[in-house]
Enquirer: 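Pasting a structure below so you can have a look.
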Amino acid sequence: MRGTHDRYQREALSAPARRPLSVSLLLSLWACGEVPPIDEPALTRACIYELRFSRGALAGEPRLVTYPEGARQTLSPTTDGEFTTQIARRPDALKYQIALGTQTFNDTHNPLTVLLPDGREVSYLEGIDCRKASLALAERGDRPGGVTLVLRVLRGSETRFMDPRTFEVHLDGQLIKGDYARDLQAGVVRLSFDGLTVGKHHLELHAGAALTPFSADFFITSAEDPFRWEDAVIYQVMIDRFAPTTSGFTAEQRGRPPGHRAGGTLSGLVRVLDSGYFERLGVNALWISPLYDNPEDLRVGREGGEPAYVGYHGYWPGASRGVEPEFGTEADVDALVSRAHARGMRVIMDAVLNHVDVTNPLSARPELFSSPGCICGAPDCLWDRDIERCWFTPYLPDVNFATPGALVNQLDDAMYWLHRFDLDGLRLDAVPMMPRLVTRHLAARIERETEGLRERKMLLGETFTGPEGQDTIRWYLGPQGLDGQFDFPLLWALRRAFAAIDGGLSDLATTITESQAAWYGSTAVMGHTLGNHDVTRFATEAGAGATLALRQAFTVLYSLPGMPVLYYGDELGLTGGEDPDNRRPMKFGDELTTEERRRFETVAELGRVRRGSIALRRGDLTIRYADTNVLVFERAHAEQRALVAVNRGPTDAVVSLPLSAEFRAVFGEAKATPSTLSLPGQTASILMNNTPSGSRL
């Protein structure tokens, strides 16, 4: 879940139905027999917020200050040395701080803040209409083809109980009839669905004006163990460069200037999806590039020179809610998402909240944006000093989140894409270019509007850093923040270790350890990758040794806690220099060389091994050995253990390593005895305990 389970006891808002129900189902409401006893009385919504403040060594009388009116209310001392007051929740939001003498403080117990027009950051309490009842999930039980749900009724201030005649249950847009009277009067709703197809389903519950509508998604799986994001292998698709509608890229398309469109489409992506390509790689989540309608005129890139680029990549939103016609239509997006869901796959989209293009209608409202003239990285506009107000380029106005309405506008646009196209999460572009409050508000809205059944959406952030950027990346994580980020320090360490051959594998082990320590306690599921659309291709950096470098780097990548992220074509070892050369058109089938096919099969085998091992997906990590050319680490989950061993050197290596169980290789050629691990030169291996001889998972 996004945080701890108690965070799901918040109110849910409505969302549109996703698709009609296409299967038969059995709805069991315990209406024909005795209703199971209720363990606790019906509950009432908690509509009082208790503000607590500790003044530490400071002196004075703390007061609650609200904005913009500036009203002040004295906090009362408590027996434990803190100060407190109660705030009645109301439909409109509250902006506030605690004043102590001449100083003001934000509420450390409330993760949400906003910017006032003068730039001050103050605490923000979301509005709640406490007159209405609401629903909160109490229990959920999953099984192949079905789910059981128990929801608590939280009564509102003007609602003793809901009229059963107005209460409606909708599953995938279809009304499900039933007798709800006894459950509702007891303060509970019990639902059980069976015979559902594998994939995503949408539940809505309504009761007229008496209930805050409940709306949430859930997945049905054929497996006994439901999907978690720790299980994901994500594939990054740049739509324009991936697959045309009917066949591969033509010679003419491949020969176009690198800043022009190549011709990939959403229909082409669906064609590849239907071929089973992603399943062969063990991929179960797609990250697609932004879908916004982008301008078609040629632009100057950040490096200057003649205009050479169009918005093929999607990062110049000319329309905040329009699908790029060159990619396809809204129906094409629907087809992609629904067919991915039918395969049990998740889909996340790249979302751009930091800026818009000058062609976007919003650009006609200059008050929504930072003052022009500060271009990121210019001598008078430094990245580290001006990152939250600078413009990427003169044609990309930077959103000023202190402007009234700017935050809500950008969040509404992000939620539009999530709701309209039934997405399973968002990859958030340029995270450090926005105040942290933006990601926290987006996380809160995603939780409130979509996660009422504990089906976690993934909010994956991009905070581009150098080799030692863990602290910067961690700043945006946490139960109230991003669900995960890309581990850029690990990316650089993997490149140094296997592509550049710069430093020992003990350095890689240090980076792995530092990253694991940095994310500890954040609830984050981190994304691990060898490359993306902003850096040179891994295979180009590795040069003649690319095949071995890819095999060893991917072995480590697929075996670490978190989500392996495949940048399209890295499974083949596609080459490319700096942007946009690192975005060459994709290759498939007969276009592949023998070496590219061999690389693909390596990644596919790693995908099968990871999918078949809960230790590799969810186990605890321990570095067992590291030196210049050898790295060995262990993943352990309950009784299952996996050893991951890499020997970068040209000669065989034997590592003294006491092992408490018998291990056999399921990938690679390493061999284990009770006291040693033998690693042939220039290999990568994964060994599992208690694996039958000859098993390759």
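Scope of the values below: all heavy atoms of this structure, side chains included, with no hydrogens, waters or symmetry mates.
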Enquirer: Which atom pair, heavy atoms only, marks the closest approach of R152 to A138?
Expert: CG-CB, 4.0 Å
Enquirer: Using the ring of F227 (Phe, Tyr or Trp, six-membered ring only), decide whether R346 places NZ or CZ under 6.0 Å from its centre and within 45 degrees of its axis.
Expert: yes
Enquirer: For a 4.5 angstrom cut-off between non-hydrogen side-chain atoms, does L205 reach L191?
Expert: yes
Enquirer: Is E50 reaching over with its side chain to a backbone N or O of Q86, donor-acceptor style, under 3.5 angstrom?
Expert: no
Enquirer: Which is it for L442 and M415 under the side chain to side chain contact (heavy atoms under 4.5 Å, CB included) test, yes or no, and what are the steps along the way?
Expert: CA-CA 8 Å; L442 183 55; M415 297 306 297; 3.9 Å; yes
Enquirer: So, the side chain of D483 versus the backbone of L459: is there a donor-acceptor pair under 3.5 Å, distance only?
Expert: yes
Enquirer: Mind checking ring pair (Phe, Tyr, Trp, His ring centres under 6.0 Å) for F219 and listing every partner two or more places apart, or none if nothing turns up?
Expert: H341
Enquirer: How long is the span from the CD1 atom in I446 to the NE2 atom in H419, to the nearest 0.5 Å?
Expert: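 These two atoms lie 9.0 Å from each other.
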Enquirer: Mind running salt bridge (charged side-chain N to carboxylate O under 4.0 Å, His left out) on R448 and E126 for me, showing each step along the way?
Expert: CA-CA 11 Å; R448 186 175 70 241; E126 294 179 303; 2.5 Å; yes
Enquirer: Any side-chain donor-acceptor pair under 3.5 Å between D398 and H355?
Expert: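 No pair is found: no donor N or O on one side chain lies under 3.5 Å from an acceptor on the other.
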Enquirer: I'd like to know if the side chain of S338 reaches the main chain of A335, judged simply by a donor and an acceptor atom lying under 3.5 Å from each other, with no hydrogens or angles considered.
Expert: yes
Enquirer: For the residue pair F421 and D334, establish whether any side-chain heavy-atom pair is separated by less than 4.5 Å.
Expert: yes
Enquirer: Are side-chain N/O atoms of E82 and S54 paired as donor and acceptor at under 3.5 Å?
Expert: no
Enquirer: Where do Q410 and V352 come nearest, in terms of heavy atoms and distance?
Expert: NE2-O, 4.4 Å
Enquirer: Quick one: does W475's side chain have a donor or acceptor within less than 3.5 Å of a partner on D471's backbone?
Expert: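 Flag not set: sc W475 to bb D471 has no pair under 3.5 Å.
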Enquirer: From I48 CD1 over to L51 CG, what is the distance, rounded to the nearest 0.5 angstrom?
Expert: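 Here the interatomic distance stands at 12.5 Å.
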Enquirer: Do R143 and S192 pair up side chain to side chain, a donor and an acceptor below 3.5 Å, judged on atom types alone?
Expert: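 Yes.
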Enquirer: Just do the side chain to side chain contact (heavy atoms under 4.5 Å, CB included) check on V189 and D183 with the steps written out, would you?
Expert: CA-CA 6 Å; V189 176; D183 273 1; 5.6 Å; no
Enquirer: Applying side chain to side chain contact (heavy atoms under 4.5 Å, CB included), run through D620 and H637 and close with a yes or a no.
Expert: CA-CA 6 Å; D620 295 331; H637 185 280; over 6 Å; no
Enquirer: Decide, yes or no, whether a salt bridge links R436 with E388 under the criterion of side-chain N to carboxylate O below 4.0 Å.
Expert: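 The answer is no: the pair does not qualify as a salt bridge.
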Enquirer: Check the pair H202 / D217 against side chain to side chain donor-acceptor pair (under 3.5 Å), numbers first and verdict last.
Expert: CA-CA 4 Å; H202 182 70; D217 304 318; 2.7 Å; yes
Enquirer: To the nearest 0.5 angstrom, please state how far the CD1 atom of I387 sits from the CE atom of M434.
Expert: 10.0 Å
Enquirer: What pair of heavy atoms forms the shortest contact from P561 to Q516, and how long is it?
Expert: CG-OE1, 3.7 Å
Enquirer: My understanding is that only residues two or more places apart in sequence, or in another chain, count here; which of them pass ring pair (Phe, Tyr, Trp, His ring centres under 6.0 Å) with Y292?
Expert: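 Applying ring pair (Phe, Tyr, Trp, His ring centres under 6.0 Å) to Y292 gives W417.
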Enquirer: Quick one: does M526's side chain get under 4.5 Å of I473's, heavy atoms only?
Expert: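 Contact flag for M526/I473 side chains = yes.
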Enquirer: Using a 4.5 Å cut-off on heavy atoms from C-beta on, say whether the side chain of K95 contacts that of T66.
Expert: no
Enquirer: If only atom types and distance count, is the side chain of S134 paired as donor or acceptor with the main-chain N or O of T212 below 3.5 Å?
Expert: no
Enquirer: Answer yes when D412 and R445 have at least one side-chain N-carboxylate O distance shorter than 4.0 Å, and no when they do not.
Expert: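 Looking at R445 together with D412, the answer is yes, because their closest N to O distance falls below 4.0 Å.
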Enquirer: So does E230 get a backbone contact from the side chain of R617, meaning a donor-acceptor N/O pair under 3.5 Å?
Expert: no
Enquirer: Any non-hydrogen side-chain atom of L407 less than 4.5 Å from a side-chain atom of F401?
Expert: yes
Enquirer: About how many Å separate CG of L411 and CD of E449, when rounded to the nearest 0.5 Å?
Expert: 9.5 Å
Enquirer: Can you list the steps and then say if V233 with M563 is a side chain to side chain contact (heavy atoms under 4.5 Å, CB included)?
Expert: CA-CA 6 Å; V233 175; M563 304 173 293; over 6 Å; no
Enquirer: Looking only at atom types and distance, does a side-chain atom of E451 sit under 3.5 Å from a main-chain N or O of K457, one as donor and one as acceptor?
Expert: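 Yes; at least one donor-acceptor contact below 3.5 Å.
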Enquirer: Give a yes-or-no answer on whether the side chains of R63 and T74 include a donor-acceptor pair shorter than 3.5 Å.
Expert: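 There is such a pair between these side chains.
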Enquirer: Going by side chain to side chain contact (heavy atoms under 4.5 Å, CB included), name the residues that satisfy it together with P77, two or more places apart in sequence or in a different chain.
Expert: F83
Enquirer: Minimum heavy-atom separation for V431 and G461, please, with both atom names.
Expert: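 So the two residues come closest at CG2-CA, 3.8 Å.
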Enquirer: Are any non-hydrogen side-chain atoms of L362 and L368 less than 4.5 angstrom apart?
Expert: yes
Enquirer: Rounded to the nearest 0.5 Å, what separates atom CZ in R45 from atom CG in L135?
Expert: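 One gets 9.5 Å once the value is rounded to the nearest 0.5 Å.
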Enquirer: When you check the side-chain N and O atoms of S123 and Q97, is any donor under 3.5 Å from an acceptor?
Expert: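 Short answer, no.
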Enquirer: Between R55 and G60, is there a donor-acceptor pair closer than 3.5 Å when you use the side chain of the first and the backbone of the second?
Expert: yes
Enquirer: May I ask you to say whether K132 pairs ionically with E158, meaning some side-chain N is under 4.0 Å from a carboxylate O?
Expert: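 The answer is no: the pair does not qualify as a salt bridge.
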Enquirer: Is there a donor-acceptor contact under 3.5 Å from the side chain of N106 to the main chain of E121?
Expert: yes
Enquirer: Any side-chain heavy-atom pair from H206 and H170 closer than 4.5 angstrom?
Expert: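 In contact.
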Enquirer: Between R618 and D231, does the salt bridge (charged side-chain N to carboxylate O under 4.0 Å, His left out) criterion hold? Intermediate values first, please.
Expert: CA-CA 7 Å; R618 305 181 192 174; D231 303 331; 2.6 Å; yes
Enquirer: With rounding to the nearest 0.5 angstrom, report the CG to CG distance, D429 to L460.
Expert: 11.5 Å
Enquirer: Give the minimum heavy-atom separation between D424 and I348, together with the two atoms involved.
Expert: C-CG2, 3.9 Å
Enquirer: For a quick check under 3.5 Å, do S370 and N400 share a side-chain donor-acceptor pair by atom type?
Expert: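 No.
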Enquirer: What verdict does the side chain to side chain donor-acceptor pair (under 3.5 Å) test give for W287 and D350, after you've listed the backbone C-alpha separation in whole Å, the side-chain angles of each residue and the deciding distance to 0.1 Å?
Expert: CA-CA 7 Å; W287 156 25; D350 224 319; 3.1 Å; yes
Enquirer: Please determine, by modelled atom types, if N360 and S320 share a side-chain donor-acceptor pair under 3.5 angstrom.
Expert: yes
Enquirer: Is there a side-chain contact between H528 and V565 (heavy atoms, below 4.5 Å)?
Expert: no
Enquirer: If you take all heavy atoms of C130 and R89, which pair is closest and at what distance?
Expert: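 Scanning both residues completely, I find the closest heavy atoms to be SG-CB, 4.1 Å.
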Enquirer: Kindly indicate, with the supporting measurements, whether the criterion ring pair (Phe, Tyr, Trp, His ring centres under 6.0 Å) is fulfilled by H201 and F193.
Expert: CA-CA 11 Å; H201 298 272; F193 303 103; 8.9 Å; no
Enquirer: So, E367 and T403: side-chain donor and acceptor under 3.5 Å apart, yes or no?
Expert: no
Enquirer: Going by distance alone, is a donor N or O of one side chain under 3.5 Å from an acceptor N or O of the other, for D107 and Y49?
Expert: yes
